[in-house]
Amino acid sequence: MFDRTFLRSRVARRIFGLFLVSAFVPVLVLALLAWHQVQQTNETHARQHLQARAGAYARALHERLLNAGLALRALAESPLDLATVLQGGGLHEEVVFRRVIRVAPPRGGDVGPAATADWMPAAPSDHEWLHLAGGRAVLRAPTTRNGAPWLGVALDPSDPARGLLWAELGLAFLWETDEALGSDVEVCVAQAAQVLHCSDPAHAHVALALDGTADGAPALVDGMDVVARSVPLKAAFDAPPWRVVFMHPRAGVGAATLADAWRLGAMGLFTLLLVAWLSVLQIRRTLVPIDRLIEGARRFAKQRFDEPVAIDDERDEFGQLARALNGMARQLGTRIEAMRVLADIDRELLAGLDLDRVRERVARRIEKLLPGTQVRVLATRDDERRAGGGTWIGAAPDGDAVAAPPRALIATLTRRAALWLRRDDGTAADEPWAPASAWSDALLAQLGLERGLVLPALWRDRVCALVAVAGVEPAQVGDSVLRQLRELTDRVAVAFAARARERMLEHQASHDLLTGLPNRMLLKDRVERDIAAARRNQHHVALLFVDLDRFKQVNDTLGHGVGDALLTQAVQRLRACVRDSDTIGRLGGDEFAIALPGLRMPHDAARVADQVVATLSAPFRVGHQECFIGASVGVAMYPDDGKGFDELLAHADIAMYRAKGAGRGCVVFFEAEMKAHERDRRQLAHDLRRAIERRELEVHFQPRVDAASGRVVSAEALVRWTHPQLGAVPPARFVPIAEEVGLIDALGEHVLAQACQRVAAWRRAGCRVDRVSVNVSARQLRGGQLLHAVRRELRAAALPPDTLELEVTEGTIVDASAAVTDLLHTLRADGVRIALDDFGTGYSSMSYLRRLPTDVLKVDRSFVAEMADDPRALSIVGAIVAMAQALGMSVTAEGVETQAQAELLVGLGVDELQGYLYGRPMPAGDFAARLERVSAETRSRCRPETASRRDGACGGAG
Ligand code: C2E
Ligand code: CA
Ligand code: CA
């Protein structure tokens with residue numbers, strides 16, 4: 001731990017360095033000061049020592065000289081001893097004196113060596129004589145190089161002339177202290193400029209250099225501490241003073257100081273080590289908790305909250321910080337755990353929406369939050385919505401739904417709150433227990449509980465689920481737990497709402513929105529299931545294609561609101577016709593399909609189909625409106641008419657189409673030949689489209705003659721198509737196809753353009769033609785392009801609008817919507833004439849005639865044909881003529897083939913006649929020949945060269 005943290009931590013290094021520096025600098029300064037001080041002291045001490053020793057030496061030397069003087073005196077006064085000494089033996093004082101000589105007085109002596117050798121001291125001076133006479137000794141410097149000083153006394157002080165005794169002092173005696181000096185101290189003795197003795201002759205110059213220095217004062221010479229002491233010899237020996245010089249090399253003092261310095265250094269080092277050790281100890285005490293905190297924070301950052309920061313001392317700041325961090329981590333841990341669970345649930349919601357898994361997860365999570373509890377997530381039943389007829393899709397599929405809490409109870413809850421429920425035991429409910437109610441009693445009974453916590457999962461103010469927690473007391477649920485419970489409950493709400501939405505979408509995807517019936521997709525599913533079952537059971541499945549006959553007209557005239565209501569009613573009637581096992585589907589608009597599975601005999605289907613037609617033929621009542629719709633039904637049977645749904649439906653469709661063609665309100669069973677027919681029809685539609693694109697359609701003209709004058713006054717334009725393989729195809733065959741496949745506008749515009757251009761050309765050629773009639777289909781009237789086309793073609797041909805007559809069939813008018821009526825009024829206001837074609841075959845009532853802008857009634861061919869044989873047909877035509885005259889309309893009779901018919905019609909007062917009697921529809925060129933010329937000049941131009949015999953020339957008909 002120490003190494004890791006200590007070496008790695010920058011803080012540790014910094015503090016450690018700081019500690020060391022702060023200890024090292026004072027220690028160093030202190031050491032320097034101390035060293036200096038020690039040095040000074042050592043020096044002073046050495047000097048004092050030197051002084052003391054020099055003094056002692058000087059005194060001892062003085063003493064020895066005095067003693068030697070006394071000894072010599074004594075020798076002089078003892079003639080016996082002296083004689084022995086002088087004869088060279090028995091000189092027991094030889095330690096004191098090296099040799100002793102007697103010097104005869106100037107008058108000449110008789111003993112001892114010659115008194116005048118050069119090594120002998122010189123004769124005393126006068127002054128010395130006086131001194132000797134006083135019985136005192138004289139001191140002389142050495143006479144030889146390695147000699148010693150001499151002492152001299154008078155043999156007889158009262159008569160110095162008797163002779164002198166000289167003694168050379170013993171070197172060892174005189175300088176005796178040499179050995180006791182010690183190695184580092186040297187001593188020299190000098191007299192004036194002569195060095196008498198030096199313990200180390202090498203230092204003699206030092207003794208001389210000191211000449212003149214104050215007595216006892218220390219000096220520094222040549223790196224040596226030097227102390228000089230003078231030995232006064234005047235009084236005792238009548239000699240100049242000696243100087244004792246003690247010296248001591250400085251290096252010796254330094255060495256002593258160095259030893260002290262070592263001690264100091266060791267102490268400093270010890271101090272530093274102590275400081276380092278203590279600082280490391282303190283740093284450790286600081287850094288280890290910091291390190292743990294850092295480690296802990298890193299762990300928490302990695303979301304490992306299970307391992308808290310270890311705490312050594314709860315009381316210090318680190319302990320407090322660690323405790324705070326641990327607390328934070330705990331909270332964060334639970335929070336993150338909660339978020340993780342929520343995120344998991346969210347993922348679940350987004351991924352597959354497995355409602356049961358979400359319920360399971362929420363329950364387990366709450367059980368972990370509140371240990372010891374049992375949790376159930378319950379779907380609720382919404383009785384209100386069920387009663388409304390819709391499917392409440394919040395309910396669980398397993399059916400263990402419970403009743404939703406009453407709305408009043410929910411209203412008392414804030415969005416975050418929970419319900420504490422308790423069975424009614426007669427006592428008043430106090431906070432936080434909710435007041436007892438029948439609902440809570442029932443719920444608790446259903447769950448087998450006495451008390452519990454219930455959280456409603458709200459979605460758009462509806463309770464879609466309940467989270468029930470058993471085995472929990474209010475005290476256990478703090479704010480934070482309650483918040484988590486709410487979050488989890490909200491997820492439940494989302495899950496249930498998502499499931500509801502999913503089901504709604506599923507339902508919408510497979511059902512019709514208005515009627516709630518299965519759509520084509522679902523129908524196909526069911527029919528195919530039915531077919532599979534029928535295959536196993538050898539049964540039949542009938543598929544009924546039901547098309548409402550006049551629904552479009554009702555929708556157009558009375559509006560979509562009425563149309564929707566009508567469809568809903570129609571569906572209700574259809575439901576009444578079928579069994580539960582049957583499926584009704586809406587294919588779109590007013591088309592329905594009914595699957596009747598499990599039929600033993602095909603004719604069972606006929607009964608249902610008839611019933612469908614019958615029930616839809618009964619009048620519908622929407623508001624104040626009464627409508628007649630009716631239906632056409634086509635039936636296809638499995639297995640005879642198809643093996644799969646698509647085939648069956650296509651065949652039922654063909655059959656239904658037949659039913660429509662056969663007059664509405666019929667049931668037609670599919671037959672194989674219908675299919676071939678249908679195929680032909682498709683081929684024809686295809687060919688027709690090409691023919692229109694290539695402008696291969698021709699327009700023929702049939703003359704209409706004035707009943708009174710017999711003149712050709714008008715032409716009906718009739719479209720003609722010569723098919724490359726089939727030859728001439730009658731318009732009655734291909735016009736309905738053109739209507740159906742959306743080619744009618746192109747076809748109609750082509751005919752309109754041809755008609756207008758032809759009439760304009762005839763007029764320019766001087767032929768007299770009042771009008772041209774163009775047939776307009778119902779689909780064109782509804783299409784919205786007709787008005788524009790009419791105006792354009794009239795303008796292009798520069799024709800006045802009243803030249804053009806539009807023939808609309810009576811059926812079209814009967815079903816006319818407001819838009820169609822408006823269009824007809826606009827056209828009429830433009831000046832275009834409107835004729836009611838095939839009049840008498842449709843269902844027009846007098847009110848239609850009054851309401852619609854009509855100029856001409858074209859009596860249908862069937863009346864004309866039957867007129868001769870059937871008196872009732874004759875009277876109908878008569879009535880039509882009378883009515884037309886009363887309404888200010890003119891009457892044209894169609895299909896006049898015989899003269900007799902013509903005469904009858906003229907007799908009835910018909911205005912114009914049209915029919916084979918006056919000419920079949922013919923190409924434009926032929927028709928022009930039938931026209932009367934306006935003037936003589938243009939006559940020739942109107943007569944075509946190839947005019948037929950019958951058609952003669954213009955006006956030939958008259
Ligand atoms: P429609 O408007 O009633 O036309 C008259 C039909 O009666 C024509 O048949 C004509 O040839 C036929 N016809 C005329 N006189 C006699 C006669 O004396 N005896 C008999 N038996 N028939 C006679 P077509 O040309 O075959 O047309 C049939 C229907 O096709 C037309 O009935 C009309 O509804 C429709 N049609 C023809 N051309 C067009 C057109 O350009 N546009 C539209 N929308 N429909 C057209
Ligand atoms: Ca016509
Ligand atoms: Ca007609």
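Atoms within a ligand are numbered from 1 in the order they appear, just like the ligands themselves. Computed from heavy atoms alone, side chains included, the values below leave out hydrogens, waters and symmetry copies.
Considering backbone and side-chain N/O atoms, V719 comes within less than 3.5 Å of an N/O atom of ligand 1. Of the polar atoms of E716, at least one N or O is found under 3.5 Å from an N or O of ligand 1, judged by distance alone.
Ligand 1 places these atoms under 4.0 Å from at least one heavy atom of E894: 3 (O), 5 (C). In the vicinity of P921, heavy-atom distances shorter than 4.0 Å reach the ligand 1 atoms 11 (O). For ligand 1 and D838, the ligand atoms under 4.0 Å from any heavy atom of the residue are 3 (O). The ligand atoms of ligand 1 that sit less than 4.0 angstrom from a heavy atom of R720 are 11 (O), 25 (O). Set against the non-hydrogen atoms of E897, the atoms of ligand 1 under 4.0 Å away are 17 (C), 18 (O), 19 (N), 20 (C), 21 (N).
Under the 4.0 Å criterion applied to side-chain N and carboxylate O atoms, D855 and R833 are not assigned as salt-bridge partners. Taking 4.0 Å as the cut-off between side-chain N and carboxylate O, R681 and E678 count as a salt-bridged pair. R704 has a carboxylate O that lies under 4.0 Å from a charged side-chain N of E805, or vice versa, which qualifies the two as a salt bridge.
Rounded to the nearest 0.5 angstrom, L587 CG and L649 CG are separated by 5.5 Å.
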Task: Chi angles and distances behind the side-chain hydrogen bond (donor to acceptor under 3.5 Å, both in side chains) call for D549, S632 - done: CA-CA 6 Å; D549 284 337; S632 303; 2.6 Å; yes
Task: side-chain hydrogen bond (donor to acceptor under 3.5 Å, both in side chains) assessment of D706 paired with S709 - done: CA-CA 6 Å; D706 181 54; S709 65; 2.9 Å; yes
Open item on the list: side-chain hydrogen bond (donor to acceptor under 3.5 Å, both in side chains), that's the test. Do S773 and E716 meet it? Break it down for me.
Closed with: CA-CA 4 Å; S773 309; E716 177 171 3; 6.0 Å; no
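Distances from the Ca ion (ligand 2) show that N775 has an N/O/S atom below 3.0 Å.
Taking the N/O/S atoms of D837 in turn, the shortest distance to the Ca ion (ligand 2) belongs to OD2. For E716, the N, O or S atom closest to the Ca ion (ligand 2) goes by the atom name OE2. Distances from the Ca ion (ligand 2) to the N/O/S atoms of E807 are shortest for OE1.
When the heavy atoms of D860, N775, T841, L806 are ranked by distance to atom 40 (C) of ligand 1, first place goes to N775. The nearest non-hydrogen atom to atom 7 (O) of ligand 1, considering only Q914, Q780, R861, comes from R861. Distances from atom 30 (O) of ligand 1 to the heavy atoms of A728, G895, P731 show the closest one on P731.
Closest heavy-atom contact between V769 and S714: CG2-CA, 4.4 Å. Closest non-hydrogen pair, F734 versus V729, comes out as CE2-O, 3.2 Å.
Under a 4.0 angstrom heavy-atom cut-off, S777 registers as being in contact with ligand 1. Put simply, no part of G748 is less than 4.0 Å from ligand 1, judged by heavy atoms.
Side chain of R779 to main chain of E739: a donor-acceptor pair is present (N/O by atom type, distance under 3.5 Å, no hydrogens or angles). Listed for the Q625 side chain is no donor-acceptor partner under 3.5 Å among the backbone atoms of V622.
Heavy atoms of Q702 found under 4.0 angstrom from ligand 1 belong exclusively to the side chain. No part of I744 comes within 4.0 Å of ligand 1, judged by heavy-atom distances.
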